[in-house]
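Note that the structure is a prediction, hence the values are computed from the model and not measured. Order of the sequence lines sets the chain letters (A, B, ...), proteins ahead of strands, with each chain counted from 1. We use all heavy atoms of the structure for the numbers below, so side chains are in, but hydrogens, waters and symmetry mates are not.
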Amino acid sequence: MKYNFNEIEAKWQKYWAENQTFKANNDSDKPKYYVLDMFPYPSGAGLHVGHPLGYIASDIYARYKRHQGFNVLHPQGYDSFGLPAEQYAIQTGQHPAITTETNIATYRRQLDQIGFSFDWSREVRTSDPKYYKWTQWIFIQLFNSWYNNDTDKAASISSLVSVFETEGNAKVNAACDDAVKVFTSEDWKGYTSEQQQAILLQYRLTYLAETEVNWCPKLGTVLANDEIVNGVSERGGYPVVRKKMTQWSMRISAYAERLLQGLETIDWTDSLKESQRNWIGKSVGASVVFKVIETEVTPSLDVNDTHLEANRNSHDIEVFTTRPDTIFGVSFMTLAPEHDLVSKITTQAQKAEVDAYIQATAKRSERERMADVKTISGVFTGAYVEHPFTKAPIPIWIGDYVLASYGTGAVMAVPCGDQRDYDFAKYFNIEIPNIFDGADISEMAFTDKNNTKIANSDFINGMNYKKATQRVIYELEQLGQGKGKTNYRLRDAVFSRQRYWGEPFPVYYKNGMPQMIADEHLPIQLPEVEKYLPTETGEPPLGNAKTWAWDTIANAVVENIKIDMETVFPLELNTMPGWAGSSQYFNRYMDAQNDDAICSKEAMNYWEQVDLYIGGSEHATGHLLYARFWQKFMFDKGMVNHDEFAKKLINQGMILGTSAIVYRVAGTNQYVSKGLKENYEVEALRVDVNMVNASDEIDIEALKNWLPQFNDAEFILEDGKYFVGREVEKMSKRWFNVVNPDNICKEYGADALRLYEMFLGPLEQYKPWNTSGITGVHGFLKKLWKLYYDDNGLKVTDAQPTKDNLKTLHKTIKKVQEDIENFSFNTSVSTFMIAVNEFNTQKCTSRDVLQPLLVLISPYAPHISEELWHALGNEASISTAVFPVFEASYLVESSKEYPISFNGKMRFKMELPLDMTKDEIEKAVLANEKTQQQLQGREPKKVIVVPGKIVNIVG
RNA sequence: GCUGAAGUGGUGGAAUUGGUAGACACGUUGGACUUAAAAUCCAAUGGCCAUUAUGGCCGUGCGGGUUCAAGUCCCGCCUUCAGUACCA
C-alpha cells in the first residue's frame, strides 16, 4: 500500500467535521485547558505559508493536552472588520460584508485543509451583529462607569451622581479630566441636565472630548498612537498630522498602574512585558508649581478657570520633574509651543517673535520634528516665574523640544543636570549654575544622579539624590507649590474612526449630548450607504446613510428625514476602531452561542481564562494592552473572574520569504546569471520564486512566459544555467515570494506542511521559508508509513516488543513530552525521525510499540496517525487516545561508553558497567592499555570520575 | 541613546543546563537501480595536516578569566535583529 496523503487527509478531515471530534464541552468533569490563537483578519490574498505557523503550534499543544485527558477549548474566528475590505469597497462598490464573506470562505477552506482541531461551533466574527452586539454592550458599560482611585476600581456612574448630590465633587478621587472644576452639592442641583451630563462625561471611562488626534488625510480617519509607525500610518504608510476633533476616548490611563502591576502576575515573554512597561512609561517625581511674576502679564486672565489643585491660579505654571533634587539648578523654564499659557504670558515686546516661532513649529509636521532632533530652537516670552524657594526671577522660554503631550507640556530646565536643557542653555547663552558637588559641567550636563551630592542648594546641601528629593517635596508641600507625583506616558485611547466597516456606536445625540441606547435594543446594525467615502461636508461615511436616526418612542433605527429633535435623534456617525472587537473575543468563545450574555457565569467559572495564547509580538502595545484594559474593567464589574485574560503568552516568530532576483544589464533586455553579474552594470529585479529550484536555478521558459517583458529576453548563462540571487524579506505579493499552503498540501500533504513549519526552527524565531527542505519531512512520513505497511499490506504483528524496541519508544516519549511542554516543537521532529530509523533498523513490527508511537506523532501529523491508528483496528479517533506514559526503567542500561579525557580532552571511549563505584571505575580505566599508552609511564596527578558521565585524567 | 533577544559548518538548526560540539534535515559530491528522468537506497561531507590501519592540530563573534573540564559561568569589547525614543 502506498502513502496516499491527499486521500488520507481529505478522509479524516471529513471524519473530524462529521463527528465534531473537537467540539469542547462546557460541562465536563475533566480538567479544562484553553488554547487560543490570535484570530486572523481575512484578507483577500488568502493564507500564505507564514500565517499558520502559530496555529500549528497551538494545535499541537491542544491535541497534546487532549491526549493528557484535558477538556480542551481551542476555538477560532475572524477579526473581520477592517480597512482593506473598505478600501476595496470604495474602489469597486462591492459591500464589505460580501468581500468579507468570500474571504472567510477561502480562509476556512485553507485552514481546514491543514487539519486543525478547532471547535468551529464557537466561531466568532467581529463583523457579525450577533457578536458586535456585545462589543456595543461593553461600550455602554464603560460609558456608565467611572474610576474610583480610592477603591482602585471602576464603579457605576450612578454611585458618582449620588456623591455629587450629597457633597459635590471636592472629595471625589477619580481618574478624570484635568479640567474638572470643583462644585458643591448645591451647585450640582442647580446645573441643567446638559451641564450635569457634560460634567459626567469628564468622569466616564469612555467619554467624548475634543482631543488632539493623529489625522491621516489620505485614509480619512484618525489613528491611535500604535497605528503610527515612524510618523506615517502603519497601514499604507501615509503621512499623519495633528488635528483637534471631537472623538470618543477610552480612559485607559485610569488603569495605567494596574496594567503595569498585572504584568508581574502573568507568564508572558520578557520582551513583550518590557514593551508594555515602556508604553505605559511610569516615572516617579514631583509636580511643582511656579508662579508667574505679574509685572507685565496681561490683566485679562480667566479667573474662573479654577483647578482641583488647591493654591493654583491660571497664571501658575505646573511642571513635572523626575529630579526635584535639582530644583536649585533651575535657570529657565521651557513651555511647549502649544502650551495654553503661552499667549497669556508673552509680553508685548516679545509677541511678534513668539507668534512667528509658534507658526513655524506648527507648520512642521510631527514627523519633521522627530527627524530633526539636533536643531535647537526656541524663543524668550519676556515673562518670568518666581523660584519657589529663592524667589529669584526665572525667564520663561518656548522650545519645541518640550512636548505638549507629555507631562504638563512645561519643564523646569536644569541645564547642569539634563543634556537637552544644557544644550538649550548653551545655545541661547543662559546661565548654567552647578549644583553638583565636584561635578565637571564645562562640556556636558552631569546626569548621573546616584554618584553625587547636592551643593549650592540651600537646605539640601550635602544630601544625596534620594534624601534631597524627599526634602524638596516636603518643602514644596509646605508652600502649597507642589507634591510627589507619578506620571505615565500612557495616553487615553481614541476610540472613534471615520470609517464605514466597523462597529457602529449605540449612541444618539440629544441637545448635543450623547445618549446610550438601552441594552435590549442592541445590536444597532450598520446601515446601508450608497458610497463608502466621507460625505461632501466631511462627515464620516455613515453620514451617507439614509436610515440612520434613533426613534426613542419606537426604539428603532429610522429614516433620517424623521429627525425632529423631540423623539427622533441623529445617531453617531463614527465607528469603533479595529481593536474594539478583539478586546473581548476570548471571553465570547467560552459561550459563543449565548444570546443573553457575553458569557454565562457557569461557562466563565469553568473556563476561567486563557491558559495559553499564541500570537505575534506586533500586537504588544495594541491589542494586548487594550484587551488587558477591558478585562480589568470587566473584572471590576464582576463580569469575569480573572483580571488578566491570558495566563501564558508565546510570541511566534514570522516565516519570511526568500525572494529570487534576476539581474538585467542596464539599458538592455539581457539578463546575466548571478555569478557573472560583477562584470556588468546591472539592475536587480524580483521574480516569482515558484520558477526557481532548490539550487537557485531558474526555469528560463517559465520566466519568459511569466511577464511580457521577459518574452524575448536574452540570458547570459553560467554552465548553461541561469542562477538567481536571493534576499530574505517579508512574504508579500509585491516581492513575488509568496508560497501558498494549498500547493504545499497538494504536493506534500498537510502533515508534511505541519511538520516542516515546526522543523524550520524555534517557534519564537524569525526564519526564512525554503520549500526544498520539505522533502526531508516528506521522506520521513513515507518511512513512517512503510513501518506499518509494505507491498503485502499491514505488517504490524502481535510480537512481543524487544528491549531495544521499548528503549526507543520510551526515549521518544520522554523527549517528545519535554519538547511539547517547553514549546520546542522543532526538535521533536528530529526525535521522530530518529525513532522511525531505529525501529526500521530493529525491524520492529510489534503493535505494542508502534501503536503508542502514533499517539506521540499525532499532534504533529494528525492525518497519517489517524489513518494508521484505524488501520490497527481502533474504532474511535486517535485524539481520544491517552498519551503514553514514560517508564524510566526501559532506559536503564547496565553499561555505558565512557568518554575518557586527558586534561579535559576526550581521547577514547571505554565500555564500563554503570553499577561500578568511583574507585572501581578509576581502577579499570587506569588498568586500560590505552590509558597507559597516553600516560607514557607517568603517574596521573588526579583522576576525576563522574559516574555515568565521564572520566578525566589530569597529568 | 535606552530596553529586549541573539551570534555554532555551505544552509536551517541540535547539544540532557559545565562533561564526546555540529544531532536531525537541506544542499553538495560519489555510487547503486533505470534506456532516461523521477522516486528510492548506500557512502562521504567543519577546517588543516598526515596515513598502512591507527592518528595529530585548530575550531561555537573577539579578548581575557574561573574550572580537571566552558558553546554553556564571570569580566570587557564587537556585530546583527527587534521594540522605543527630545518622556523632563
Check the interface with nucleotides 20-22 of chain B: list each N/O to N/O pair with the protein under 3.5 Å, or write none.
| residue | atom | partner | partner atom | Å |
| --- | --- | --- | --- | --- |
| B:U20 | O2 | A:Lys909 | NZ | 3.3 |
| B:U20 | N3 | A:Lys909 | NZ | 3.4 |

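Donor-acceptor pairing under 3.5 Å is lacking for the side chains of A:Tyr488 and A:Ser253. Side-chain contact of A:Ser659 with A:Glu729: a donor-acceptor pair under 3.5 Å is present, judged by distance alone. If you check the side chains of A:Thr621 and A:Tyr626, you find no donor sitting under 3.5 Å from an acceptor. Side-chain atoms of A:Ser828 and A:Asp819 include a donor-acceptor pair closer than 3.5 Å.
Where A:Tyr766 and A:Lys942 meet RNA chain B, the nucleotide closest to each residue was compared, and A:Tyr766 sits on the side nearer the 5' end. Between A:Tyr756 and A:Pro762, the one whose closest nucleotide on RNA chain B sits nearer the 5' end is A:Pro762.
The stretch residues 827-841 of chain A touches RNA chain B through A:Thr827, A:Ser830, A:Met833, A:Ile834, each having a heavy atom under 4.0 angstrom from the strand.
The aromatic rings of A:Phe823 and A:Phe825 sit perpendicular to each other, their planes meeting at more than 60°, with 30° as the lower class boundary.
Put simply, A:Arg489 has a side-chain N or O that comes within less than 4.0 Å of OP1 or OP2 on B:A85.
When the P atom is used for both B:C74 and B:C26, the distance is 37 Å, rounded to whole Å.
Residue-environment remark: NZ (A:Lys923) stays at or below the threshold of 12 foreign heavy atoms within 6.0 Å.
Partner A:Phe424 forms a ring pair (Phe, Tyr, Trp, His ring centres under 6.0 Å) with one of A:Tyr427, A:Tyr422, A:Phe428 and no other, that one being A:Phe428.
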